[in-house]
A.B. asks: 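A single structure is presented below for examination.
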Amino acid sequence: MNRIRRLASIAVTAVLSLAVFSPAPAPARAESENAGELGAVIFAFDFSRSIYCTYAGATSTNCTEIGPDLAAAVSGLADDIAVNSVAYSERKVTFEVVEFGTEAFVVSAQNSTCVGNTGDPDGTSLLVACLEQIAADYLGKDSPRPELYDTFFVPPLSLVPDIEGSRCGIILFTDGKPKDPKKALNLAGDLSCAVLPVSTGDPEEIDQDYLEDLAKPELQSSEGCAQSGPFLWPDVYFPTAQEAVDAIGLALDRVACPPRVPPDRKSTRLN
C-alpha cells in the first residue's frame with residue numbers, strides 16, 4: 001500500500017513543487033477576507049549526533065555527515081522566504097522554530113525567541129533569521145547542546161497544542177528513527193494539526209512506513225485561505241538534504257496558505 005501511495009503521488013509532487021518558493025502575493029487592489037492569521041506552523045529540526053557522525057562507533061564508512069548540506073539547503077530556504085517577504089506578510093503565518101533531540105528547544109535569533117507572526121512588523125525577517133540560525137547550527141561539528149544527541153518525537157509534538165485551534169501543522173524533520181515511536185504515534189493521532197514528517201540521510205536508518213503512519217496531512221479549512229481542506233503528503237523520505245528542505249518549503253507553502261481575495265469580476269480564474 002505504501003509503495004502504491006508513493007507511485008500514485010509522483011505527479012502530485014511535481015505539480016505542487018512548482019509553487020514551493022513562489023508564493024504569489026495578493027493583488028494590491030484587494031484585501032484578504034480574513035484579517036487574522038491564515039496558518040500556524042511549527043518547524044521542528046532534528047539535531048541528533050548522526051547528522052554529524054559523532055556518535056560512538058561512527059566511522060567514515062558507516063556514517064555520512066550531512067550537516068553542511070543541510071546548512072546550505074536551510075539557508076536557501078531562508079533566502080527564498082526573504083525574497084518573498086511581501087507574500088509572507090500577506091499570509092500572516094504564525095510560526096515557531098525548534099530544535100529537538102532528547103528534548104525540544106525554541107531557537108533564538110536577533111535577540112528574540114523564534115515565535116512570531118509574519119504579518120507583524122519584522123515578523124518575516126525574524127523567521128528568516130531563525131532559519132539562518134538553524135543553518136548555522138547545522139554547520140557545527142556536533143549538536144548545539146547535549147540534550148539534542150538522541151532522537152525523540154514526543155518533545156516537539158508536545159508543542160503542537162500551542163498552535164491548535166486554527167489551520168496548523170508541524171513540519172517534523174529527522175534523519176533517523178525515534179526512540180519513542182509508540183508514544184509519538186499516539187500523541188500525533190490526538191492532535192488536531194497536520195503532522196508532516198520529512199526525513200533524509202541513511203535510508204536504512206529511516207522507517208518510512210512508520211513515518212507514513214505518523215503523517216497527518218489533513219488541514220482545517222479556512223474561509224480566508226485559497227487552498228483549504230486535505231491534501232496528499234506524497235513522500236516522507238528524500239535522498240538528499242536539498243530535496244528534504246524543498247519538502248519543508250512545500251509543507252510551509254501548503255499550511256501557510258495564500259490568502260483568498262475577492263475574485264476579479266472580469267476573470268473566471270479560480271483561487
Side-chain angles (χ1 to χ4, degrees), residues 2 5-25 39 41-48 50-51 64-85 87-88 91 93 95-100 107 114 118 124 127-139 156 169-176 194-203 205-206 208 211-212 214-217 219 227 231-258:
N2 289 326
R5 177 185 173 189
R6 284 193 286 269
L7 290 175
S9 64
I10 292 175
V12 177
T13 305
V15 172
L16 292 179
S17 63
L18 294 176
V20 173
F21 297 133
S22 301
V41 181
I42 291 178
F43 297 85
F45 291 92
D46 188 0
F47 272 83
S48 59
S50 53
I51 289 173
T64 300
E65 183 182 358
I66 61 175
D69 289 341
L70 284 171
V74 174
S75 180
L77 174 59
D79 289 342
D80 284 311
I81 292 175
V83 169
N84 292 286
S85 60
Y88 281 100
R91 292 182 175 200
V93 185
F95 63 86
E96 185 168 348
V97 182
V98 302
E99 299 176 346
F100 73 93
V107 178
C114 291
T118 60
T124 300
L127 174 57
V128 170
C130 294
L131 292 174
E132 289 175 342
Q133 183 60 55
I134 293 289
D137 287 345
Y138 275 135
L139 279 177
I170 179 171
I171 305 169
L172 189 70
F173 168 77
T174 184
D175 81 317
V195 178
L196 306 174
V198 175
S199 65
T200 193
D202 183 354
E205 294 300 318
I206 307 294
Q208 297 183 49
L211 291 181
E212 288 179 352
L214 188 75
K216 290 178 59 178
L219 287 169
Q227 297 176 354
F231 68 99
L232 180 64
W233 187 237
D235 297 293
V236 295
Y237 175 78
F238 301 85
T240 68
Q242 184 61 61
E243 290 173 285
V245 175
D246 284 349
I248 291 172
L250 171 60
L252 170 63
D253 195 59
R254 293 309 306 270
V255 179
C257 61

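Positions are given from 1, in the same order as the sequence printed here.
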A.B. asks: Looking at every heavy atom in both P156 and A44, which two are closest together, and how far apart are they?
C.D. replies: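 Shortest heavy-atom contact: CB-CB, 3.8 Å.
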
A.B. asks: Indicate yes or no: at least one non-hydrogen side-chain atom of I171 is less than 4.5 angstrom from one of V41.
C.D. replies: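 Contact flag for I171/V41 side chains = yes.
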
A.B. asks: side-chain contact (heavy atoms from CB on, under 4.5 Å) for I81 and L77? Distances and angles first, verdict last.
C.D. replies: CA-CA 6 Å; I81 292 175; L77 174 59; 4.2 Å; yes

A.B. asks: For the backbone of D202 and the side chain of E205, can you confirm whether one donor and one acceptor N or O come within less than 3.5 Å of each other?
C.D. replies: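 Judged by distance alone, no pair lies under 3.5 Å.
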
A.B. asks: Just wondering, do D69 and Q242 contact through their side chains at under 4.5 Å, heavy atoms?
C.D. replies: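 Heavy-atom side-chain distance check fails, nothing below 4.5 Å.
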
A.B. asks: Would a 4.5 Å heavy-atom cut-off, applied to side chains only, mark L127 and V97 as touching?
C.D. replies: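 With C-beta onward as the side chain, the pair touches.
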
A.B. asks: Between W233 (side chain only) and V195 (backbone N and O only), is there a donor and an acceptor less than 3.5 Å apart?
C.D. replies: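 No, because the side chain of W233 does not come within donor-acceptor range (under 3.5 Å) of the backbone of V195.
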
A.B. asks: Between atom CD1 of I42 and atom CG of L172, what is the distance when rounded to the nearest 0.5 Å?
C.D. replies: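 Spacing of CD1 (I42) from CG (L172) equals 10.5 Å.
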
A.B. asks: Is there a side-chain contact (heavy atoms from CB on, under 4.5 Å) between F45 and V98? Walk through the geometry before answering.
C.D. replies: CA-CA 6 Å; F45 291 92; V98 302; over 6 Å; no

A.B. asks: Grab the two heavy atoms, one from F238 and one from A247, that are nearest each other, plus how far apart they are.
C.D. replies: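 Taking every non-hydrogen atom into account, CZ-CB, 3.4 Å.
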
A.B. asks: Any donor-acceptor pair under 3.5 Å linking the side chain of D253 with the backbone of G249?
C.D. replies: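 Side chain of D253 to backbone of G249, a donor-acceptor pair under 3.5 Å: no, none is there.
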
A.B. asks: Over all heavy atoms of both residues, which pair between G176 and I206 is shortest? Give the atoms and the distance, please.
C.D. replies: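 Closest approach of G176 to I206, heavy atoms only: N-CD1, 3.4 Å.
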
A.B. asks: Pair I170, L196 - check side-chain contact (heavy atoms from CB on, under 4.5 Å), show working.
C.D. replies: CA-CA 6 Å; I170 179 171; L196 306 174; over 6 Å; no

A.B. asks: For V236, does its backbone N or O pair with a side-chain atom of S199 as donor and acceptor, under 3.5 Å?
C.D. replies: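 Flag set: sc S199 to bb V236 pair under 3.5 Å.
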
A.B. asks: Got a donor-acceptor contact below 3.5 angstrom from the D46 side chain to the S48 backbone?
C.D. replies: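 The answer is yes, because a donor-acceptor pair under 3.5 Å joins these two groups.
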
A.B. asks: Side chain of S75, backbone of E132: donor and acceptor closer than 3.5 Å?
C.D. replies: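 Absent.
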
A.B. asks: Using side-chain contact (heavy atoms from CB on, under 4.5 Å), reason through Y88 and V128 one step at a time and then give a plain yes or no.
C.D. replies: CA-CA 11 Å; Y88 281 100; V128 170; over 6 Å; no

A.B. asks: Quick one: are the ring centres of F43 and F173 less than 6.0 Å apart?
C.D. replies: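 Centroid separation for F43 and F173: 6.0 Å or greater.
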
A.B. asks: I'd like to know if the side chain of Y138 reaches the main chain of I51, judged simply by a donor and an acceptor atom lying under 3.5 Å from each other, with no hydrogens or angles considered.
C.D. replies: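 Judged by distance alone, no pair lies under 3.5 Å.
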
